[in-house]
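One structure below.
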Protein chains: 2
Amino acid sequence: MSHSLSIAPPRPKDLPLNALRAFEVSARLGGFAAAGQELNVSPGAVSAHVKTLEEAVGAPLFQRTARGVVLTPLGRRVLPEFSRAFDDLAAAVRLLRSEAAPNTVHIATLPSVAQLWLSPRLPELRRIAPEISVSITALEEPPNLKRTPYDLCLFFDESRGQQVAEDWIFPVCAPGFGTLTDPADLRRVACITDTTWRDDWQDWAGQDVAAQGPVYSLYALALEETLNGAGVLMGHLPLVERHLAAGTLREPFGRRVKTPRALRVWSVRPTASGAARRVMDWLSDSR
Amino acid sequence: MSHSLSIAPPRPKDLPLNALRAFEVSARLGGFAAAGQELNVSPGAVSAHVKTLEEAVGAPLFQRTARGVVLTPLGRRVLPEFSRAFDDLAAAVRLLRSEAAPNTVHIATLPSVAQLWLSPRLPELRRIAPEISVSITALEEPPNLKRTPYDLCLFFDESRGQQVAEDWIFPVCAPGFGTLTDPADLRRVACITDTTWRDDWQDWAGQDVAAQGPVYSLYALALEETLNGAGVLMGHLPLVERHLAAGTLREPFGRRVKTPRALRVWSVRPTASGAARRVMDWLSDSR
DNA sequence: AAACTAGGGTCAGAAAAAGTGAGTCATTCC
DNA sequence: GGAATGACTCACTTTTTCTGACCCTAGTTT
C-alpha cells in the first residue's frame, strides 16, 4: 500500500473536459481522424487529448494498431456513460440556444442546395413567417445532429427524415450548346463533373463512363460554367428545375434516372422546437 | 427575417465546455465566488467564462446586482438540464477512475485529521488490506463529492454519512505546563486557537471568552506548540487521545463538552465501489 | 516486390484560452 | 460612516490547444 499525504498538490485535479470529449468522440467514431472531423480539429490534436487523458487516468483507453485504434476493455466499459453524458450536455445546449433565440433556425445543408434550392425559396418563407430568422451553414456531409448546434439537416439521403424532393438526374446544357441527339454524342463534348457526385455519369448511363472533362468542387460553379456553354453537366432536378423552366438550361435527352437519394430534411429526434418544426414543414411542402 | 449564408465561418462553433461548467456551478452555488472555490479558480475567471457564454448565446444568464448574481428566467430554465448532464459526466469520470484503478481510494479530509487521526491508523489498514492504495488530500472544507474525484470524505459534520468518532473538546497542555486548577486560571496563560475552530473556547466555556493567545492555521502545528509548552490548546478528543494515552499531553480540568459535529465519513451516494466501501467500513470500526 | 494508402505518433512553434492579482465600484450590514 | 461582500476590469502571465510537417506501420494495389 502506498500513501500520498499530499498537501503540495492540494487537488488530484479533475480530468479535463475537452480530453473527455475527445475520448468519447474517438471511441464512438472508432478513430482519431474521424473524431477530428467531428470536432473540427486535426487528428493530432485528438491524439494528444486522448494521450493526456490516458496519462491522467493511468491506463490506456485505446489499443493502437497500425490501421487505427481499438477500444481497450476499460474504454469499452466506460464509453456508454460518457456518450450519454455528452448527449445530455448537447441537449442542454440545444435547449439553451432555442430558449435564448426561439425564432432562429439553424439549417445545415449542402453548398449546392443552399445556393440553388434553398436560397431562392427563402423570400417566400420570409413572407409566410417574418418572425423566423434562418441561418444556413453549408457542409459537405450531414453533421451529427446530436452533437452539433443545427436544428435541421437538408441533404440528399436515402431514408432519414421527410422527403422534400425526388432526385432525378439527366444531362443539361446551355440552350445554344450545339446538337446532342444521342448519348453517344457525349463522347465529343466536355462532361462536367462535381466532386460530391462523382458517379453521376455512371449512374445515368448505367455503365462505366470515363468521366472526361473538368471537375468542380462546387456544383453551383459547375452550373455556372454550364450556363456559359462550357459543357454538359449532370443535372439534379431540384437544383436545375428553375433554369429549365426559365429556359436558361435545356435537357438534350429525354432519359431521366431517379436516384435513391432524395432531398430530405430531418431534425434531432422526432421533436423539433416550434420554429424549427415550422420551417421543416414548410420545406417538406415546397415545390 | 435575416439570413446568413455563411461559408466563411463554416461552423457556428459550439459552446465551450468550460464556460458551460462555469455557468452550471455558478448557478448551482448562487455566485461566482463560490463557483470559483469549487472550480479552484479565481472569481474573475468564472466571471469571464460566464460572460463568454452569455455572449455566445446572445442572452444574459445572470442578473447582476451589487450583492451577487441572480439567475435570469432563461438561466433558471436551463440550469437543471446542465446540472444533470454534468452530474452524469462526473459519474462517468468516477467510473472511469474506479475501473482504471480499482484498488485506489481517494480520501478528502481535514489537514488535522489527516495528520493526527488518519495517518497513525494507516499501517493497520495496510496490514488488513495490503492491496488497497490510499491517497489522502487535505482540504479545509468537505468537497462536493458529486463533482470532485474523491471517494470518501472524512470531516467533522453533524449528520452526513456514518459516525467514526465523537467530538469532545477540553483544554490540554504539556505535562509540565504549570498549575491549572480552575478554568479561571486560563486567564493567566496563552490559550492557543486554531483557525478552523475559532469558537472552541466559547463552546467549552459556555460563555464569551476573549480568545487571547496565538492563532494557528494548522491544528497539528498548534498541537506541536502545545507539546512544547507554549500554552493551552482546546483539544479534540479524536485528535489528542493518543497524546493523552501516551502522557505527552494532560487534561488539566475534568470538564469535557461534546460538540454536535462528530468525525464522520461519507461517500458519494449510498453505494461506493468495493475498495472505498471497505475503507469506509474500516474507518467506521476504528477505535 | 514496390508503391500506395490509411491512420497514428511526434515535434516545434504559433495561437488561443484561461487564470491571476490588484484595483474599482456599488450595496448592505452594523 | 466604515467594514464587508461580491462582482467587474485590465494588464499581464501561464497553460492549453492546435497546427503542419514529418515519420512509422501494416494492409492493398499494381
Side-chain angles (χ1 to χ4, degrees), chain A residues 8-57 59-72 75 86 141 195 198 208 210, chain B residues 9-57 60-72 75 86 141 147 195 198 208:
Chain A
R11 269 220 181 181
K13 199 148 46 129
D14 28 282
L15 305 178
L17 292 180
N18 292 315
L20 294 173
R21 178 169 54 180
F23 159 68
E24 194 275 337
V25 177
S26 301
R28 177 159 45 80
L29 303 182
F32 296 166
Q37 282 219 292
E38 177 162 318
L39 294 170
N40 250 347
V41 297
S42 63
V46 178
S47 169
H49 267 154
V50 172
K51 203 174 116 186
T52 304
L53 183 58
E54 290 178 321
E55 268 161 22
V57 161
L61 294 162
F62 290 99
Q63 183 196 326
R64 273 75 167 175
T65 77
R67 299 286 293 154
V69 292
V70 187
L71 279 176
T72 59
F86 279 112
E141 295 288 338
T195 45
R198 293 198 155 279
D208 267 16
Chain B
R11 270 219 182 181
K13 196 148 49 125
D14 27 283
L15 305 179
L17 292 181
N18 292 313
L20 294 173
R21 177 168 56 178
F23 159 69
E24 194 276 338
V25 178
S26 302
R28 177 159 46 79
L29 302 181
F32 296 167
Q37 282 219 292
E38 177 162 320
L39 294 170
N40 250 345
V41 297
S42 63
V46 178
S47 170
H49 266 153
V50 172
K51 204 173 111 188
T52 303
L53 184 57
E54 290 178 321
E55 269 161 23
V57 161
L61 294 162
F62 290 100
Q63 182 196 327
R64 272 75 168 177
T65 78
R67 298 288 294 156
V69 292
V70 187
L71 279 175
T72 59
F86 279 112
E141 296 287 339
R147 296 299 172 85
T195 46
R198 292 197 154 279
D208 267 17

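First the proteins, then the strands, lettered A, B, ... as listed; each starts at 1. Fair warning: this is a prediction, and the values are worked out from it, not measured in the lab.
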When you measure from the side chain of [X], which nucleotide among [options] comes out closest?
| X | options | value |
| --- | --- | --- |
| A/V69 | C/dG8, D/dC8, D/dT5 | C/dG8 |
| A/S47 | C/dG9, D/dT25, C/dT27 | C/dG9 |
| A/F32 | C/dA18, C/dG8, D/dT19 | C/dG8 |
| A/V41 | D/dC18, D/dT17, C/dT20 | D/dC18 |

Quiz item: Side-chain contact, heavy-atom cut-off 4.5 Å: B/E141 with B/Q37?
Solution: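 B/E141 vs B/Q37: side chains apart.
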Practice problem: Using a 4.5 Å cut-off on heavy atoms from C-beta on, say whether the side chain of A/L39 contacts that of A/F32. | Solution: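 They are not in contact (no side-chain heavy atoms under 4.5 Å apart), so the answer is no.
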Check this one for me: any side-chain N or O of [X] less than 4.0 Å away from OP1 or OP2 of [N]?
| X | N | result |
| --- | --- | --- |
| B/H49 | C/dA17 | no |
| B/K51 | D/dT9 | yes |
| B/N18 | C/dA18 | yes |
| A/R64 | C/dG9 | yes |

Using atom [atom1] of [X] as one end and atom [atom2] of [N] as the other, report the distance to the nearest whole Å.
| X | N | atom1 | atom2 | result |
| --- | --- | --- | --- | --- |
| A/L17 | C/dA18 | CG | C1' | 13 Å |
| B/E38 | C/dG19 | CD | P | 14 Å |
| B/L71 | D/dA7 | CG | P | 12 Å |
| B/N40 | C/dT20 | CG | C1' | 13 Å |
| B/Q63 | D/dA7 | CD | C1' | 14 Å |
| A/R67 | C/dA6 | CZ | C1' | 5 Å |

Self-check item: Pairwise 5' ranking along DNA chain D for A/A19 and A/A66, keeping only the more 5' one
Solution: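 It is A/A19, whose closest nucleotide lies nearer the 5' terminus.
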Quiz item: So which one's nearest nucleotide on DNA chain D is more toward 5', A/S42 or A/T65?
Solution: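 Mapping each residue to its closest nucleotide by heavy atoms, the 5'-most match is A/S42.
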When you measure from the side chain of [X] to the backbone N and O of [Y], does any donor-acceptor pair fall under 3.5 Å?
| X | Y | result |
| --- | --- | --- |
| B/E54 | B/L61 | yes |
| A/S47 | A/P43 | no |
| A/S26 | A/A35 | no |

Practice problem: Look at all strands and tell whether B/A33 reaches a base, only sugar-phosphate, or nothing, counting heavy atoms closer than 4.0 Å. | Solution: sugar-phosphate
Quiz item: Quick one: bend of the helix from C/dA1-D/dT30 to C/dC30-D/dG1 from 5 pairs per end, to 10°?
Solution: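 About 30° separates the two local helix axes.
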